[in-house]
*Asks:* 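First, the structure itself, so that you have it in front of you.
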Amino acid sequence: MDGSDQVAVRQAKLDQMREAGYDPFRANWEQTHTSVEATGMLPEDQEEGPEVSVAGRIVAFRLMGKATFLKILDRKGKIQSYVRRDEIGEEEYAAFKKLDLGDFIGIRGPLFRTKTGEITVRAKEYRLVSKALRPLPEKWHGLTDNEQIYRQRYLDLIVNEESRERFQARSRIIREIREFFWGRDFLEVETPMLQSVSGGAAARPFRTHFNALDCDFSLRIALELHLKRLLVGGFDRVFEVGRVFRNEGLSRRHNPEFTMLEAYQAYTDYRGMMELTRSLIQQVAERSLGGLQMERSEGDAIDLSGEWREAKYKDLIIEVVGRDDWFELPKEAKLEKTKSLGIEVDPLLEDFEITNDIFEKIIEHTLIQPTFVTHIPKELCPLAKITEDDLTTIDVFELCINGQEIAPAYSEQNDPAVQRDAFIKQVGEETQELDDDFLLALEHGMPPAGGMGLGIDRLVIFLTKAANIRDTILFPTLRPS
RNA sequence: GGGUCGGUAGCUCAAUCGGUAGAGCAGUGGCCUUUUAAGCCAUUGGUUCCGGGUUCGAGUCCCGGCCGGCCUACCA
């Protein structure tokens, strides 16, 4: 047998085992301790510990003749084991030597500390409980090919510790988000992903067809309109964490399906949402990552502690364009100015869209420290209330952290007539669809409420220092291979 | 969608001007009973993404395609 085809070599080992009467795929093992629990059971001042039974995938195998060191990986991490021929027997050891990297085994034995101080299981018994027929990626560099990382995420998770930890962190983050809302007496709900009208955001939806009713459906692009129906229904504190789908491009910050949090609370407004959003992120960061200072690869750390900066949209714009009368300027002057600022703007855009280009292309990525951008022009959002003392803006904030917008919040519009007008205006010019059923609900009366949305993936990007949204999504959307 | 860079052994990467495709890890055989990317000796392994073209000769140059990274566009 040569080593040319590693799959064939492993298959042959399996065949031989079965011929000898042992089938690893029919075997199991009782795991009494995870790697982390086991290593915690040997006190500092002791050399020998109790017996444990661990299990996992072999990720390192150092054979030194009549003894072998190996490392196994389980859901908590790695633990080393030391297997000696004179302790498990000659025949067993001969079979043991044929194990491969990637195989799953169970090991039972007492804990001890090696010469170099590593807590290790001294094997008295081992059992192969699943055979890997394909080799693992390179042990030192791990897997670096992005495509393979995304298509075969399981390999990435086996060999790349950073990735493993990031997805564990993501899970903790989502759990803490739920804890936060439960703690404030919010009801967690689930609303339809299949919708005949997908509203609540200005994005193109995915379309699909429902055979039983012979009608077209869209996948939801936001949670908003159904959650507000629940406000009408009397569930006056609700939240949902769920997938939304937008039929748009891919980028470092966009995946066509992503996870949104939306929360609505009656008898408050966007100011209340400001406190809620800040407390949420602070509590989540504190509990799931253990701190409010987020180091970055370059530049100052992001400081999440205390109160956060508030800035009016208009003030930020005026600061960048350098003139107080920006909003009174004719369109030509605005276009000229944007050119001198170095950004390309489509001359067909409306005035407010030109201004918003300045915000998105120049200002947004400079907002590294958490900043609530408030008093946003009313044209940009049809679902919020007009600010009382400034009829050109709405009661809303856009929270920017790490140069990205990650959470908008509104004083939700509950006047059905005003809402209908705003919708009709948008339906005329954009991809938004008119949701009559939602407007009907509003006519039954919706309590005053604040609402917020938060892109979970983008929160995870910055809390876990990911470079790309795809590094925060286990199986990101790819072209079929 | 556009621009740009890339695709070589299971994995990580080399290959000068167009001149016999290599290394490390992994694998295989051997030595080795406290290793830490274990070490030492030997050794197997290639549709160089796919299809055309130029050439005496193509991983390398040209054309087309597939897949991906980055930038950009789209994007509440």
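Chain naming here is simple, since letters A, B, ... match the order of the sequence lines and numbering starts at 1 in each.
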*Asks:* Please give me the minimum heavy-atom distance between Ile119(A) and Ile79(A), naming the atom from each residue.
*Replies:* O-CG1, 4.4 Å

*Asks:* Apply salt bridge (Lys or Arg N to Asp or Glu O under 4.0 Å) to Arg10(A) and list each qualifying residue two or more places apart in sequence or on a separate chain.
*Replies:* none

*Asks:* What's the CZ-C1' distance between Arg479(A) and C49(B), to the nearest Å?
*Replies:* 15 Å

*Asks:* Tell me if a side-chain donor or acceptor on Arg164(A) pairs with a main-chain N or O of Ile158(A) at a distance below 3.5 Å.
*Replies:* yes

*Asks:* Do Tyr150(A) and Asp471(A) meet the criterion of a side-chain donor-acceptor pair at a distance under 3.5 Å?
*Replies:* yes

*Asks:* Under 4.0 Å, counting only non-hydrogen atoms across every strand here, what does Arg113(A) touch: a base, just sugar-phosphate, or nothing?
*Replies:* nothing

*Asks:* Check every strand shown and say whether Tyr410(A) touches a base, only sugar-phosphate, or nothing at a heavy-atom separation below 4.0 Å.
*Replies:* base

*Asks:* Phe359(A) has an atom CZ; how far is it from atom P of C75(B), in whole Å?
*Replies:* 17 Å

*Asks:* Using purine N1 to pyrimidine N3 plus N6-O4 or O6-N4 for Watson-Crick, or N1-O2 and O6-N3 for G-U wobble, both under 3.5 Å, which nucleotide pairs with U34(B)?
*Replies:* none

*Asks:* Given the P atoms of U8(B) and G59(B), what is the spacing between them in whole Å?
*Replies:* 15 Å

*Asks:* Work out how far the C1' atom of C71(B) is from that of A37(B), and round it to whole angstrom.
*Replies:* 35 Å

*Asks:* Closer to the 5' end of RNA chain B via nearest nucleotide, is it Pro480(A) or Pro408(A)?
*Replies:* Pro480(A)

*Asks:* Counting heavy atoms from C-beta on, name the nucleotide in U28(B), C32(B), A76(B) closest to the side chain of Met64(A).
*Replies:* C32(B)

*Asks:* Across the strands shown, which category fits Glu398(A) at heavy-atom distances under 4.0 angstrom: base, sugar-phosphate, nothing?
*Replies:* nothing

*Asks:* Expressed in angstrom and rounded to an integer, what is the separation of Leu70(A) atom CG from A37(B) atom C1'?
*Replies:* 16 Å

*Asks:* Paired with U8(B) by Watson-Crick or G-U wobble geometry, both distances under 3.5 Å: which nucleotide is it?
*Replies:* none

*Asks:* Can you check whether Arg151(A) has a side-chain N or O nearer than 4.0 Å to OP1 or OP2 of G68(B)?
*Replies:* yes

*Asks:* Phe69(A) has a side chain; which of C67(B), C74(B), U34(B) sits nearest to it?
*Replies:* U34(B)

*Asks:* Any base atoms under 4.0 Å from Arg85(A), or only sugar-phosphate, or nothing? Heavy atoms, all strands.
*Replies:* nothing

*Asks:* May I ask you to say what Leu155(A) touches in the nucleic acid, namely base, sugar-phosphate or nothing, with a heavy-atom cut-off under 4.0 Å?
*Replies:* nothing

*Asks:* Where the side chain of Thr114(A) is defined as all heavy atoms beyond and including C-beta, which of U35(B), A76(B), C32(B) is the nearest nucleotide?
*Replies:* U35(B)

*Asks:* Expressed as a whole number of angstroms, how long is the span from Asp5(A):CG to U44(B):P?
*Replies:* 16 Å

*Asks:* Taking atom CD of Gln46(A) as the centre, does the number of heavy atoms from other residues, nucleotides or ligands within less than 6.0 Å exceed 12?
*Replies:* yes

*Asks:* In whole angstroms, how far is the P atom of A76(B) from the CG atom of Leu349(A)?
*Replies:* 12 Å

*Asks:* Say you pick atom C1' in C56(B) and the same atom in C49(B); how far apart are they, in whole Å?
*Replies:* 27 Å

*Asks:* Does a side chain donor of either Asp74(A) or Thr34(A) reach within less than 3.5 Å of an acceptor in the other side chain?
*Replies:* no

*Asks:* Expressed in angstrom and rounded to an integer, what is the separation of Leu250(A) atom CG from G2(B) atom P?
*Replies:* 15 Å

*Asks:* If I take atom CZ in residue Phe206(A) and atom C1' in nucleotide C75(B), what distance separates them, rounded to the nearest angstrom?
*Replies:* 12 Å

*Asks:* So which nucleotide does U28(B) pair with, by the Watson-Crick or G-U wobble rule with both distances under 3.5 Å?
*Replies:* A42(B)

*Asks:* For U12(B) and A26(B), measure between their P atoms and round to the nearest Å.
*Replies:* 15 Å

*Asks:* Any donor-acceptor pair under 3.5 Å between the side chain of Gln6(A) and the base of U28(B)?
*Replies:* no

*Asks:* For G1(B), which nucleotide is its Watson-Crick or G-U wobble mate, given both distances must be under 3.5 Å?
*Replies:* U72(B)

*Asks:* If the C1' atom of A15(B) is compared with that of A23(B), how far apart are they to the nearest Å?
*Replies:* 11 Å

*Asks:* Between N or O atoms, less than 3.5 Å apart, protein on one side and nucleotides 11-13 of chain B on the other: list the pairs.
*Replies:*
unit_1 : atom_1 : unit_2    : atom_2 : d
C11(B) : O2'    : Glu138(A) : N      : 2.8
C11(B) : O2'    : Gly142(A) : O      : 3.3
U12(B) : OP1    : Thr144(A) : N      : 3.1
U12(B) : OP1    : Thr144(A) : OG1    : 3.3
U12(B) : OP1    : Asp145(A) : N      : 3.2
U12(B) : O3'    : Thr144(A) : OG1    : 3.3

*Asks:* Over how many whole Å does the gap from Phe61(A) atom CZ to G27(B) atom P extend?
*Replies:* 9 Å

*Asks:* Does a nitrogen or oxygen in the side chain of Arg204(A) sit under 4.0 Å from OP1 or OP2 of C74(B)?
*Replies:* no

*Asks:* Using the P atom on both, measure U60(B) against U28(B) and round to a whole Å.
*Replies:* 34 Å

*Asks:* With both distances kept under 3.5 Å, what pairs with A15(B), Watson-Crick or G-U wobble?
*Replies:* none

*Asks:* Say you pick atom P in U48(B) and the same atom in G64(B); how far apart are they, in whole Å?
*Replies:* 22 Å

*Asks:* Spell out, as yes or no, whether a donor-acceptor pair under 3.5 Å connects the side chain of Glu364(A) to the backbone of Lys361(A).
*Replies:* no

*Asks:* List the steps and the verdict of ring-ring contact (aromatic ring centres under 6.0 Å, His included) for Phe372(A) and Tyr270(A).
*Replies:* CA-CA 11 Å; Phe372(A) 290 111; Tyr270(A) 86 102; 9.2 Å; no

*Asks:* Using the six-membered ring of Phe327(A), assess whether NZ or CZ of Lys314(A) lies under 6.0 Å from its centre and within 45 degrees of the ring axis.
*Replies:* yes

*Asks:* Please say whether the positively charged group of Arg153(A), taken as NZ for Lys or CZ for Arg, lies over the ring of Phe475(A), i.e. under 6.0 angstrom from the six-membered ring centre and within 45 degrees of the axis.
*Replies:* no

*Asks:* Check every atom of U33(B), U35(B), A37(B) against the side chain of Trp140(A) and return the nucleotide holding the closest atom.
*Replies:* A37(B)

*Asks:* With syn defined as a glycosidic angle within 90° of 0 and anti as everything else, classify C61(B).
*Replies:* anti

*Asks:* For the side chain of Arg252(A), starting at C-beta, report the closest nucleotide among U35(B), C67(B), C70(B).
*Replies:* C70(B)

*Asks:* Among U34(B), U35(B), C32(B), find the nucleotide with the atom closest to the side chain of Phe112(A).
*Replies:* U34(B)

*Asks:* For Lys465(A), does the NZ atom sit with more than 12 other heavy atoms under 6.0 Å from it, leaving out its own atoms?
*Replies:* yes

*Asks:* Which of these nucleotides, A76(B), A38(B), G27(B), is closest to any side-chain atom of Arg62(A)?
*Replies:* A38(B)

*Asks:* Look at Asn468(A) and C70(B) and indicate whether a side-chain polar atom (N or O) is within less than 4.0 Å of OP1 or OP2.
*Replies:* yes

*Asks:* With C1' as the reference atom in both, quote the distance from U47(B) to C31(B) in angstrom, rounded to an integer.
*Replies:* 38 Å

*Asks:* Does OP1 or OP2 of U34(B) have a side-chain N or O of Lys115(A) closer than 4.0 Å?
*Replies:* no

*Asks:* Between G27(B), U28(B), A76(B), which nucleotide gets closest to the side-chain atoms of Lys13(A)?
*Replies:* U28(B)

